[in-house]
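Before any comments, here is the structure.
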Amino acid sequence: MQKQYFLPSSNLMGARLAGSRSDTQEPKTNPLVSISDEPETLYKRLSILVKGHDKAVLDSYEYFAVLAAKELGISVEKVDKPPKTIERFSLLKSVHIFKKHRVQYEVRTHYMCLELKYLTSSTAAVYLEYVQRNLPEGVAMEVKKTRIEKIPEHIQKPVWDTLPQVEETEVKS
Amino acid sequence: MAARAGRCCRAGLSCGALLSPALLSPAVLSRAPATPRWGRAAFSSAPAVSGREGPQAREGSVRRRGRTLQFVRSAAPPRTERMAVDQDWSSVYPTAAAFKPASVPLPIRMGYPVKGGVPPPKEGNLELIKIPNFLHLTPPAIKKHCAALKDFCTEWPSALDSDEKCEQHFPIEIETVDYVSSGTSIRNPKARVVTLRVKLSSLNLDDHAKKKLIKLVGERYCQETDVLTITTDRCPLRRQNYDYSMHLLTVLYHESWKTEKWESEKSEEDMEEYVWENSHSQKNALDTLLRIKASENVSNVTKEELLASEVVKNYRNSVIALKNEGETESNISQYKESVKKLLNIQA
């Protein structure tokens, strides 16, 4: 009997593959996986920037994200830790007057940048969903995706060669 | 005693019948735990005490506080005492949950230490509850999750193993940014920006088309890397911005192949690089050489012959190098040599 996996999300419709995966030796296929003929979009680079107020939380998250990438077979290009930014501001301590007495607050933001290389759209969707669902409280993430594409058909050749000869009209300024 | 009871009854205590035993014999009560005969609803969690054994695990003891009696509930032993060393931790913390000191068998201390003391223990420690914990993401748990997710991943095509091959087969790069943060809204207006990057060498352009495209595009073209960058954010949706950027690329491409009537008025200031043909330098060099030849009374040498001669070609190359690449040691010495050869000076 096929074991039903309890996946963290039920929105994953399944993998989309360019080719068929029926060449596996074991005949058991995951019933939740559906294969479609749509060609995959390819991501040359996935750059994940994570921002938080606590460095220890970001360090743990980095360990988790790197291990998850390794387990799913994604190559990690580098893990960068940009320096923290501190935003400070001074406010009046008292509700009324006493201008000379202020109180100062600061907000510290730590960063961690994870760069992954060469992902297909299915792998990227799986990894990003897994990693985003386990994002801790109070941590923000920015994902920069670089997709690569072929030059479309209509830019292959200049269109003027194919058009019938038309009299040149005056160019409007 | 009776008089006292009577006084209570006259005072109109509604629960006089119940309370009177307590008031009558406080001494009796303090000696041994008695069965509760009142307030069962309030003390429902404490089971009936039987016998005079000391307070045991699940039995509450009675403590006197002034005139009222309290049941002291002693807690059950924490779950950590019943945990095996080789248990399956992912069933204790399957999902993200707050820190429960009774469920985590670790002697953790956290917080600012008392003077001359140690940080507070984990029982009732708010700092440990506040901070996000990764107890549900231990390495074995991550491996289990990834093993289940592996079926949904696809492999990268092995033919594209380097950046150059990707560039060769897929020249266009589209960059988009997604934002995840906690707040009242999941939308971020910066998410609609689309950046399109393409190398002009991968487009089908001839010399004139490339120069016209560079002029049309202006600052968006980088000379060193030969990369055209188009950033669009004027539409409200990302898909619309992507379509617009592709439309811009198409229009630029086709327009650069067109030659307009007014392009013939391109002057020397508009030229991107120095062209020696039909320049003042060429005219002056040829004039000088013709006059030299005339003064030496050599038979008329045609311009084409002069242009094809070695010395003039050397001079042309050195002048072009000087103008296009700027002044460097080698350029200037090359120019000096070519002028000496041209004018036949032996210095």
Side-chain angles (χ1 to χ4, degrees), chain A residues 5-8 12 14-18 21 30 32-33 40 42 44 54 56-57 60-61 63-64 67-68 71-74 118-123 125-128 130 132 134-152 154-160 168 171, chain B residues 94-96 131-134 136-137 139 142-143 145-157 160-161 163 166-167 169-183 188 190-191 195-198 202-206 209 246 249-250 252-254 256-258 260-262:
Chain A
Y5 295 111
F6 177 68
L7 292 156
L12 283 172
R16 292 188 307 247
L17 294 174
R21 284 183 84 210
N30 195 336
L32 295 158
V33 176
E40 296 238 29
L42 302 169
K44 186 171 161 190
D54 198 331
V57 170
S60 299
Y61 190 74
Y63 180 85
F64 154 68
L67 184 60
E71 290 292 315
L72 288 175
I74 302 169
Y118 300 149
L119 292 121
T120 54
S121 65
S122 325
T123 312
V126 165
Y127 181 75
L128 284 175
Y130 181 50
Q132 283 169 6
N134 289 313
L135 200 65
E137 305 78 47
V139 169
M141 184 198 269
E142 291 174 14
V143 180
K144 200 184 269 193
K145 298 179 184 166
T146 309
R147 195 168 84 215
I148 50 177
E149 283 186 358
K150 286 196 192 286
I151 297 187
H154 43 268
I155 308 185
Q156 302 280 358
K157 282 186 218 162
V159 79
W160 318 117
E168 268 189 24
V171 175
Chain B
T95 47
I131 197 79
N133 64 58
F134 283 79
H136 58 293
L137 292 173
I142 299 173
K143 289 187 176 129
H145 297 156
C146 291
L149 291 172
K150 189 80 186 169
D151 286 337
F152 295 89
C153 297
T154 48
E155 293 217 350
W156 180 260
L160 298 169
D161 49 356
D163 276 347
C166 289
E167 194 68 54
H169 295 284
F170 297 91
I172 297 186
E173 281 179 16
I174 314 274
E175 207 173 87
T176 49
V177 191
D178 291 328
Y179 297 87
V180 181
S181 64
S182 53
N188 193 317
K190 292 193 279 187
T195 305
L196 186 145
R197 275 200 302 265
V198 67
S202 49
L203 292 174
N204 179 18
L205 291 167
D206 73 347
M246 293 305 281
L249 186 66
T250 316
L252 281 168
Y253 178 77
H254 292 296
S256 62
W257 272 99
K258 255 204 234 173
E260 305 279 348
K261 276 193 219 156
W262 43 261

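Throughout, protein chains are lettered first and strands after them, A, B, ... in sequence-line order, and every chain is numbered starting at 1.
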> Among B:P171, B:S256, B:S181, B:A209, which residue forms the greatest number of heavy-atom pairs with chain A at distances under 4.5 Å?
Replying inline: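 The candidate making the most pairs under 4.5 Å is B:P171.
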>> Just so I understand: if I count every heavy-atom pair under 4.5 Å between each of B:V177, B:T176, B:N188, B:L205 and chain A, which residue has the most?
In response: B:T176
> Any idea how A:Y118 and B:W156 line up, ring-wise: parallel (<30°), tilted (30 to 60°), or perpendicular (>60°)?
Replying inline: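 Because their plane-to-plane angle is under 30°, the rings of A:Y118 and B:W156 count as parallel.
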Interchain contact, [X] with chain B, by part (heavy-atom threshold 4.5 Å):
X	answer
A:L119	backbone
A:E149	both
A:Y61	both

If you compare all heavy atoms of [X] against all heavy atoms of [Y], which two are closest, and at what distance to 0.1 Å?
X	Y	value
A:L72	B:C146	CD2-O, 3.8 Å
B:T154	A:T123	O-OG1, 2.8 Å
A:P152	B:I172	CD-CD1, 3.8 Å
B:L137	A:Y130	CD2-OH, 4.2 Å
A:G73	B:K150	N-NZ, 3.8 Å

> Given A:K44 and B:D163, is the side chain to side chain contact (heavy atoms under 4.5 Å, CB included) satisfied, shown in steps?
Replying inline: CA-CA 8 Å; A:K44 186 171 161 190; B:D163 276 347; 3.5 Å; yes
How many angstroms lie between atom [atom1] of [X] and atom [atom2] of [Y], to the nearest 0.5 angstrom?
X	Y	atom1	atom2	result
A:L135	B:S182	CG	OG	8.5 Å
A:I151	B:L203	CD1	CG	4.5 Å
B:L160	A:L42	CG	CG	6.5 Å

>> Counting only non-hydrogen atoms closer than 4.5 Å, does B:F134 touch chain A with its backbone (N, CA, C, O), its side chain (CB onward), both, or neither?
In response: side chain
>> Which atoms of B:P157 are under 4.5 Å from chain A, going by heavy atoms: the side chain, the backbone, both sets, or neither?
In response: side chain
> Does A:V139 reach the side chain of B:P132, with side-chain heavy atoms less than 4.5 Å apart?
Replying inline: no
> Are the side chains of B:R197 and A:T146 in touch, meaning some heavy atoms are under 4.5 Å apart?
Replying inline: yes
> A:E142: what forms a side-chain hydrogen bond (donor to acceptor under 3.5 Å, both in side chains) with it, not counting sequence neighbours?
Replying inline: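 Once residues adjacent in sequence are excluded, the partners of A:E142 under the side-chain hydrogen bond (donor to acceptor under 3.5 Å, both in side chains) criterion are A:K51.
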> With B:N204, which residues qualify under side-chain hydrogen bond (donor to acceptor under 3.5 Å, both in side chains), at least two apart?
Replying inline: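 B:N204 satisfies side-chain hydrogen bond (donor to acceptor under 3.5 Å, both in side chains) with no residue once adjacent residues are dropped.
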>> Go through it in stages, so that I can follow the logic: the residues are B:H169 and A:I148, the test is side chain to side chain contact (heavy atoms under 4.5 Å, CB included), and I'd like the CA-CA distance, side-chain angles, deciding distance and then a yes or no.
In response: CA-CA 9 Å; B:H169 295 284; A:I148 50 177; over 6 Å; no
> Between B:Y253 and A:Q156, is there a donor-acceptor pair closer than 3.5 Å when you use the side chain of the first and the backbone of the second?
Replying inline: yes
> So, the side chain of B:H254 versus the backbone of A:H154: is there a donor-acceptor pair under 3.5 Å, distance only?
Replying inline: yes
>> Working note: A:L32 + B:F152, criterion side chain to side chain contact (heavy atoms under 4.5 Å, CB included); need CA distance, chi angles, decisive distance, verdict.
In response: CA-CA 9 Å; A:L32 295 158; B:F152 295 89; 3.8 Å; yes
